[in-house]
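Only one structure is covered here, and it is reproduced in the block below.
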Amino acid sequence: MEQYWQELQQQVHRKAALERKQEALCEQRRKLKEELDASIQRWQEEQKDVDKLEGISLAGIFSALSGRKEERLEKERQEAREALLQKEAADNAFQKLEEEIRKNREELVGLQGCEIKYQKALEERAAELEAMGQDTGLLRLQKEMGRLEAEDKELQEALDAGRDVHVQVEKALHALDSAEGWGVADMMGGGIMVTMMKRDQMNLAKNAMTEIEYLLRKFRAELSDIAGADTVGADKFGTEWSMMDYLFDGFIIDYMVQQEIRDSLSNMRRLGKEIERVCEAIQQRKEENKERKSQLQQEWQAKMEQL
C-alpha cells in the first residue's frame with residue numbers, strides 16, 4: 001500500500017512537470033515555426049535570383065553584356081545554398097521538436113486521472129492514521145520523499161539533455177580547431193587538397209551546430225521543468241544562444257575566412273563552459289536531494305519501527 005501511495009504521488013508530480021514542459025515546448029514550436037517560414041521565404045527568393053541569371057532574363061542579359069555574369073551567378077548561387085542550409089536546419093529542428101511534443105503528450109495521456117487517485121489514497125491513508133489515534137508524521141515524510149523522487153527525475157532529464165548538447169559542442173570544437181589548422185596551411189598556399197580538407201572540417205562543424213540548435217531547445221525545455229530553476233543557475237542560462245544567429249551570419253558555406261573560424265571557436269568554447277556550469281549545478285542539487293532522501297528514509301524506518 002505504501003508503495004502504491006508513493007507511486008501515485010510521483011505520478012502527480014510528473015504530470016505537473018510534463019504540463020509545464022509541454023507549455024514551454026509549444027512556445028518554442030511557435031517561435032521556430034516563424035523562423036522556418038522566414039527561412040523558406042528567403043530561400044525561395046534567393047533561388048529566384050539564381051533562376052533569373054541562369055535563364056533568359058533582362059538581369060541575365062545585362063550581366064552577360066557587362067562581362068560579370070559568372071561572377072554574379074556564383075554569388076547568387078552561394079547565397080541560395082546558404083539559404084537552403086538554413087531552411088533545412090530549421091525544418092530539421094522543427095520536426096524533432098514536433099516529435100518531442102508528441103511523446104510528451106502521449107505520456108500526459110497515460111497520467112490522466114492520477115490526481116483523483118492520489119487524493120483518494122491520501123484520504124484513506126489519513127483515515128488510517130487518525131484511526132491509530134496519533135500523528136506519526138508518516139504522511140509528511142511520504143509527501144516529501146515523493147516530491148524529491150519526482151524532482152530527481154526532472155534533474156536527471158535536464159542533466160542528460162545538457163550532456164547531449166555538450167557532446168555536440170565538443171564535436172564542433174574539434175572540427176573548427178581542425179579547420180583553423182587547415183586554414184593556416186591554405187593561406188600559405190597549401191593547394192587544392194588542403195582547401196578540400198579545410199572545407200570538410202567546416203562541414204562537420206556546421207552539421208554539429210545544426211544538431212546543437214535542436215538540443216539547446218530541448219535543454220532549455222528541461223531546465224524550465226525544474227522547480228526552483230534559479231538554484232541551479234538555469235534562469236541565467238544564455239537564452240541568446242542560437243546556432244542560427246551565428247551559424248549563418250558570416251559562416252559562409254564555402255568561403256569561410258580564418259577570423260570567422262576563430263569567432264566560431266570562441267562562441268563554441270563559451271557555450272561549452274556555460275553548459276558545464278549549469279550541469280555541475282544540477283549535479284550538485286541531485287547530490288543534495290540524494291542526501292536528503294537518505295535522511296528521510298532513515299526517519300521513515302525509525303517511525304515504522306515505533307509503530
Side-chain angles (χ1 to χ4, degrees), residues 32 35 39 74-75 77-93 96-97 158-220 222-223 232-234 236-283:
L32 186 54
E35 294 177 15
S39 66
E74 179 56 32
K75 179 177 180 296
R77 284 173 176 166
Q78 183 71 25
E79 292 175 350
R81 287 195 295 269
E82 182 182 350
L84 178 60
L85 179 62
Q86 185 174 6
K87 179 186 77 70
E88 290 176 346
D91 183 60
N92 181 58
K96 288 183 177 181
L97 186 60
L159 191 59
D160 290 342
R163 287 169 175 168
D164 287 344
V165 185
H166 201 268
V167 168
Q168 291 300 320
V169 169
E170 289 297 317
K171 288 182 179 179
L173 278 171
H174 179 76
L176 286 167
D177 190 57
S178 180
E180 184 183 33
W182 286 112
V184 171
D186 196 21
M187 291 170 64
M188 298 174 65
I192 186 65
M193 291 301 296
V194 171
T195 300
M196 290 177 63
M197 292 298 293
K198 171 188 171 183
R199 291 182 182 176
D200 283 345
Q201 292 303 311
M202 286 160 50
N203 283 331
L204 289 175
K206 287 194 292 253
N207 290 338
M209 288 181 180
T210 300
E211 187 66 14
I212 290 170
E213 173 70 19
Y214 162 70
L215 292 174
L216 271 178
R217 294 176 187 276
K218 183 177 180 181
F219 188 31
R220 290 195 195 103
E222 296 295 352
L223 289 176
V232 296
K236 298 178 181 178
F237 180 69
T239 54
E240 78 278 5
W241 288 111
S242 172
M243 295 304 97
M244 293 190 185
D245 288 344
Y246 62 89
L247 172 56
F248 305 106
D249 183 12
F251 200 100
I252 307 302
I253 294 179
D254 290 323
Y255 303 104
M256 185 177 179
V257 299
Q258 286 302 101
Q259 186 56 50
E260 289 165 349
I261 295 177
R262 295 191 189 100
D263 290 345
S264 291
L265 269 169
S266 178
N267 281 333
M268 281 294 101
R269 289 185 182 121
R270 287 195 303 115
L271 176 58
K273 289 180 180 179
E274 184 77 354
I275 292 171
E276 286 178 356
R277 177 186 67 78
V278 177
C279 285
E280 287 173 2
I282 293 173
Q283 185 61 48

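Scope of the values below: all heavy atoms of this structure, side chains included, with no hydrogens, waters or symmetry mates.
Put simply, OG on Ser264 and CG on Leu173 are 10.5 Å apart, with the number rounded to the nearest 0.5 Å. Rounded to the nearest 0.5 Å, atoms CG (Leu176) and CG (Leu265) are 4.5 Å apart. Going from atom CE of Met209 over to atom CD of Gln168 covers 11.5 Å, rounded to the nearest 0.5 Å. Atoms NZ and CG, on Lys218 and Asp164 in that order, are 6.0 Å from each other to the nearest 0.5 Å. Taking CG of Leu215 as the start and OG1 of Thr210 as the end, the distance is 11.0 Å to the nearest 0.5 Å. To the nearest 0.5 angstrom, Glu82 atom CD is 11.0 Å from Leu84 atom CG.
Glu276 and Lys273 are not joined by a salt bridge, as no carboxylate oxygen comes within less than 4.0 angstrom of a charged side-chain nitrogen. Salt bridge Glu213/Arg217: present, at least one basic N to carboxylate O contact under 4.0 Å.
In plain terms, the two heavy atoms of Glu222 and Ala158 that are nearest each other are CB-CA, 3.6 Å. The nearest pair of heavy atoms linking Leu204 to Ala175 is CB-CB, 3.9 Å. Contact record, Ala172 with Ala205: O-CB, 4.3 Å, taken as the closest heavy-atom pair. Minimum interatomic distance between Leu97 and Tyr214 (heavy atoms only, all atoms of both residues): N-CE1, 3.9 Å. Pairing each heavy atom of Gly162 with each of Ile275, the nearest pair is O-CG2, 3.5 Å. What you find for Ile212 and Met268 is that their closest heavy atoms are CD1-SD, 3.9 Å.
In this structure, the side chain of Ser266 does not engage the main chain of Arg262 through any donor-acceptor pair within 3.5 Å.
Residue His166 places its NE2 atom among more than 12 non-hydrogen atoms of other residues, nucleotides or ligands, all under 6.0 Å distant. More than 12 non-hydrogen atoms from other residues, nucleotides or ligands lie less than 6.0 angstrom from NZ of Lys96.
Inter-residue side-chain proximity for Lys171 and Val167 is flagged as met; some heavy-atom pair is nearer than 4.5 Å. You'll find the side chain of Asp91 stays beyond 4.5 Å of the side chain of Glu88, heavy atoms only.
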*Kindly indicate, with the supporting measurements, whether the criterion side chain to side chain contact (heavy atoms under 4.5 Å, CB included) is fulfilled by Glu211 and Asn207.*
CA-CA 6 Å; Glu211 187 66 14; Asn207 290 338; over 6 Å; no

